Amino acid sequence: MTIRYRPIAIAIGTALFCPAFTLAQTPVMDEVLVSATRMELAYPLGSMTVGGDGIVRQRPYTSDSAGLLKDVPGFSSYAGGGVSSLPAIRSFADDRLRVEIDGMGLHSACGNHMNPPMSYIDPGNVGQIKVQSGITPVSSGGDSIGGTVMIDSTVPKFAGAGQDSLLGGSISGFVRSNGSANGGNISAFAATESLSISATAAYSKSDNYKSGGGQEIKSTLYDAQNQAISLALRGDSNLFVFNVGHQNIPYQGFVNARMDMVGNESTYGNARYLGTFDWGVLDVRGYYQHITHAMNFLSDKGGDMPMNTEGNNYGYSIKAEIPLNERNVLRIGNEYNRLNLDDWWPPVAGSMMMGPGTYDNINNGKRERLGTFVEWEAKWGQQWTTLLGARYDYVTMNTGNVQPYDWRNPIPMAGMGMGVANPDANAARAFNAQDRKRTDNNFDLTALLRYTADEASAYELGYARKSRSPNLYERYAWGTGAMAMRMTGWFGDGNGYVGNLDLKPEVAHTANASAIWRSTGNSAELRVTPYYTYVEDYIDVNRCAPSVGGACASMGNQTTTNNFVYLQFANHDARLYGIDISGRLPLGEATAVGEFSLRGQLGYVNGKNLDTNDNLYHVMPINAKMAVDHRLANWSNTLELQLVAAKNDVQQVRNELKTAGYGLVNLRTSYQWTTFRIDAGVENLFDKNYYLPLGGAYLGERPMVYGTSVAGMGRSFYLGGTLQF
Ligand SMILES: [Cu+2]
């Protein structure tokens with residue numbers, strides 16, 4: 001039992017729960033991008049880790065940290081800004097996932113979710129990412145129904161016992177032909193046996209990219225800068241880690257939003273204590289993040305409409321793992337998470353629509369969550385293990401009084417009898433008259449049963465009940481004027497949204513089966529995970545009722561099938577089912593020309609709103625990836641084929657656009673010398689013109705027209721180099 005906790009350096013990397021492994025700890029083939037993680041139950045069989053070489057080789061062609069997960073089965077992402085896509089697992093996107101960076105539970109601070117959690121870390125600073133799909137143990141769940149994404153920034157290095165102090169670092173840079181993108185990363189560290197200090201700075205910049213065939217896709221440019229400093233102290237049985245960081249994004253176009261980001265600054269700090277005791281492990285974390293975010297139009301879109309947000313995310317978590325005896329392990333924990341949010345739109349001088357006062361979209365919004373869990377893992381002999389967990393999350397939220405640009409309705413106009421209707425004035429009065437405090441009591445349960453047949457195969461059955469409370473915008477976005485409604489929404493569909501004070505939390509019941517087979521030495525592997533989820537009170541939308549007023553009462557809003565519409569968040573029952581498959585296979589023995597192997601994955605998901613019989617929004621069509629990897633000493637090559645079916649199951653209520661199927665070919669090569677590494681390749685080799693199934697509506701052109709999807713990136717050559725010292 002004590003062996004479990006001896007290597008504290010491993011505990012840093014694997015978070016709290018670092019038990020023994022029933023199957024291999026790490027894959028033998030380090031070129032496998034996505035490798036297996038724990039085989040213990042705190043990491044269900046469907047868990048995946050992306051780290052090490054799997055991240056290093058992606059940096060020259062990925063500036064968006066969510067993009068690092070694109071080889072995880074079941075993963076997809078909503079297109080947004082170039083460094084700010086919204087992650088989705090089995091079509092549960094964005095707030096439906098729990099995303100943590102070094103234990104920080106972050107939330108978007110923007111009505112368009114332009115600054116989602118994963119946008120706050122540069123791929124150059126990501127050490128590893130763990131993904132738990134569907135069935136999430138309660139110890140890493142809470143306030144999410146889709147899954148959990150845990151990101152560790154670079155793991156601190158320490159000198160070995162009796163070793164000299166370590167000093168080192170790396171410089172890397174990349175260029176990409178499409179969008180004339182470039183970026184770089186510099187990091188340095190110094191470490192003794194007990195102290196480790198590291199610093200990293202990264203930047204990434206791109207102009208608008210071109211689609212296959214060479215059309216410029218407007219509002220896809222960006223410029224992002226991130227810095228982080230980490231200090232770690234290690235004792236015999238204790239570890240302290242302190243991280244601080246800063247982000248500055250001077251601009252980032254949003255191809256499928258009506259606005260662009262014209263500034264995003266964040267400063268964060270977090271601290272962690274990890275200690276091993278006779279009774280087990282204690283893991284304590286605390287964090288704080290401050291965000292200032294500004295939206296307006298970049299030159300592609302033109303005009304002037306300043307919109308600002310200020311957010312504070314903070315919280316703590318205390319977790320303990322207590323081995324009771326050889327058979328039973330208990331985990332308990334308590335955590336607190338809070339978002340404070342202000343969202344206001346300053347008046348524009350000389351504008352009749354945007355003035356004379358400031359529009360408050362969210363005024364003094366707050367969302368607090370206090371969560372507590374108990375989890376019991378038991379081994380029943382060599383082959384059977386069980387995990388049972390329960391958690392309770394108390395969520396409370398509120399917001400202050402709001403004001404429209406102008407309290408008058410109608411707004412009189414010189415020379416006109418009637419004046420201009422201003423529905424936001426009525427909506428603000430009605431909103432301010434209501435009690436807006438909301439409290440949710442959310443209960444989650446997870447049960448897992450695993451049968452480890454032998455070294456080469458394991459099977460698992462799981463059930464989870466998981467809950468998510470609405471976010472502040474889903475409950476509190478109040479404006480009903482056309483312009484105000486179109487400023488809220490993170491779906492990239494161009495539609496207008498209004499919140500709903502009566503929303504209930506959504507509760508998902510997921511059943512999941514997983515099987516994994518491996519050959520001796522793990523060179524071949526196959527994983528299959530079918531799943532079914534029934535979601536009570538899934539937060540979907542309705543065409544907003546004419547009685548809501550404003551744009552909701554506009555002609556044709558209930559029936560339009562070929563234009564942007566106005567929607568209100570609403571609870572509906574929904575179900576999703578699908579399957580994730582992934583595997584790898586060596587192609588013969590190593591020869592004089594090297595080793596060849598095959599890698600593949602397939603994802604399928606189907607989602608329905610059971611009340612309306614409509615499809616769910618942004619469900620990724622069936623898709624597959626096949627790759628042939630070649631390795632000869634320090635030289636690696638990859639030929640990738642990505643196939644995505646046509647998206648015909650679109651959501652009618654949002655007038656979602658269909659997209660055609662497509663296939664893309666990527667070529668990659670890399671060579672590793674002792675301290676220098678070079679990566680080169682070409683993405684979309686044949687310059688295929690295609691449309692992103694989760695790209696939404698193209699809103700980068702003026703005049704803006706309904707019906708155009710967002711084209712994906714055309715051919716792009718890339719070259720990257722990394723020097724280690
Ligand atoms: Cu924004």
Side-chain angles (χ1 to χ4, degrees), residues 74-80 86-97 133-134 145-147 256 468 474 489-497 500 503 506-511 530-544 557-580 602-624 643-662 690-698 706-710:
F75 181 86
S76 54
S77 62
Y78 289 17
L86 298 178
I89 295 173
R90 299 174 178 177
S91 130
F92 291 110
D94 189 32
D95 282 352
R96 294 196 164 103
L97 306 178
S133 307
I145 61 171
N256 55 8
R468 177 184 77 94
E474 286 166 334
W490 43 95
F491 307 95
D493 57 5
N495 294 321
Y497 288 81
N500 180 351
L503 276 188
E506 49 187 16
V507 178
H509 301 267
T510 300
Y531 54 87
Y532 182 94
T533 302
Y534 174 81
V535 191
E536 275 173 73
D537 296 324
Y538 184 86
I539 297 172
D540 206 336
V541 293
N542 293 334
R543 298 280 171 94
C544 54
N557 189 52
Q558 299 302 313
T559 51
T560 297
T561 58
N562 61 354
N563 208 342
F564 302 114
V565 291
Y566 300 96
L567 304 163
Q568 183 168 36
F569 294 106
N571 292 114
H572 285 288
D573 290 346
R575 66 109 183 96
L576 300 95
Y577 62 80
I579 189 164
D580 296 333
L602 183 141
Y604 170 75
V605 57
N606 182 302
K608 268 262 185 308
N609 179 321
L610 296 174
D611 294 340
T612 62
N613 205 33
D614 199 357
N615 295 302
L616 296 184
Y617 181 66
H618 263 5
V619 174
M620 186 69 185
I622 187 167
N623 61 94
L643 297 169
V644 179
K647 187 166 78 165
N648 294 316
D649 292 341
V650 290
Q651 193 180 38
Q652 286 171 1
V653 68
R654 288 183 223 234
N655 289 345
E656 186 182 6
L657 301 172
K658 293 183 178 183
T659 52
Y662 59 90
Y690 70 104
Y691 293 94
L692 298 166
L694 307 188
Y698 182 35
Y706 170 84
T708 312
S709 294
V710 175

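The structure presented is a predicted model; accordingly, all values stated were derived computationally and were not measured. What's counted below: heavy atoms across the whole structure, side chains too, no hydrogens, waters or symmetry copies.
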Colleague: Looking only at the aromatic ring of each residue, does the gap between the centers of Y497 and F569 stay below 6.0 angstrom?
Modeller: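 Ring centres of Y497 and F569 closer than 6.0 Å.
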Colleague: Under the salt bridge (Lys or Arg N to Asp or Glu O under 4.0 Å) test, which residues partner E506, sequence neighbours left out?
Modeller: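 Expected list: R96, R468.
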Colleague: Is a donor from one side chain sitting under 3.5 angstrom from an acceptor on the other, for R543 and N655?
Modeller: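 Yes - a donor-acceptor pair under 3.5 Å links their side chains.
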Colleague: Hey, does the side chain of E656 reach the backbone of H618 with a donor-acceptor pair shorter than 3.5 angstrom?
Modeller: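 Yes; judged by distance alone, with no hydrogens or angles, the pair exists.
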Colleague: Are the side chain of D614 and the backbone N or O of V653 linked by a donor-acceptor pair below 3.5 Å?
Modeller: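 It does hold such a pair.
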Colleague: Taking N615's backbone N and O only, do any of them form a donor-acceptor pair with Q651's side chain (distance below 3.5 Å, no angle check)?
Modeller: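 Here the side-chain-to-backbone pair exists.
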Colleague: Give a yes or no answer on whether the side chain of D493 reaches the backbone of G696 with a donor-acceptor pair at less than 3.5 Å.
Modeller: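 Flag not set: sc D493 to bb G696 has no pair under 3.5 Å.
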Colleague: Closer than 3.5 angstrom, by distance alone: can the side chain of N571 be matched with the main-chain N or O of D537 as a donor-acceptor pair?
Modeller: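 At least one qualifying donor-acceptor pair exists.
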Colleague: Looking only at heavy atoms, what is the nearest atom pair of E474 and I539, with distance?
Modeller: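 For E474 versus I539, the nearest heavy atoms are OE2-CG2, 3.8 Å.
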Colleague: Quick one about D573 and Y534 (side-chain donor to acceptor, distance below 3.5 Å, no hydrogens or angles considered), yes or no?
Modeller: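 Yes - a donor-acceptor pair under 3.5 Å links their side chains.
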Colleague: Can you check whether P621 reaches V644 side chain to side chain, under 4.5 Å on heavy atoms?
Modeller: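 A side-chain contact under 4.5 Å exists here.
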Colleague: Side chain to side chain contact (heavy atoms under 4.5 Å, CB included) with L616: which of D540, V605, N606, V650?
Modeller: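 Result for side chain to side chain contact (heavy atoms under 4.5 Å, CB included) with L616: D540.
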Colleague: Determine the minimum heavy-atom distance between L576 and S91, stating which atoms define it.
Modeller: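 Looks like CD2-OG, 3.5 Å.
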Colleague: Taking the side chain as every heavy atom from C-beta outward, state whether Y690 and S709 have any pair of such atoms under 4.5 Å apart.
Modeller: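 Y690 does not reach S709 side chain to side chain.
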Colleague: Which pair of non-hydrogen atoms, one from S133 and one from I89, has the smallest distance, and what is that distance?
Modeller: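 Closest approach of S133 to I89: OG-CG2, 3.5 Å.
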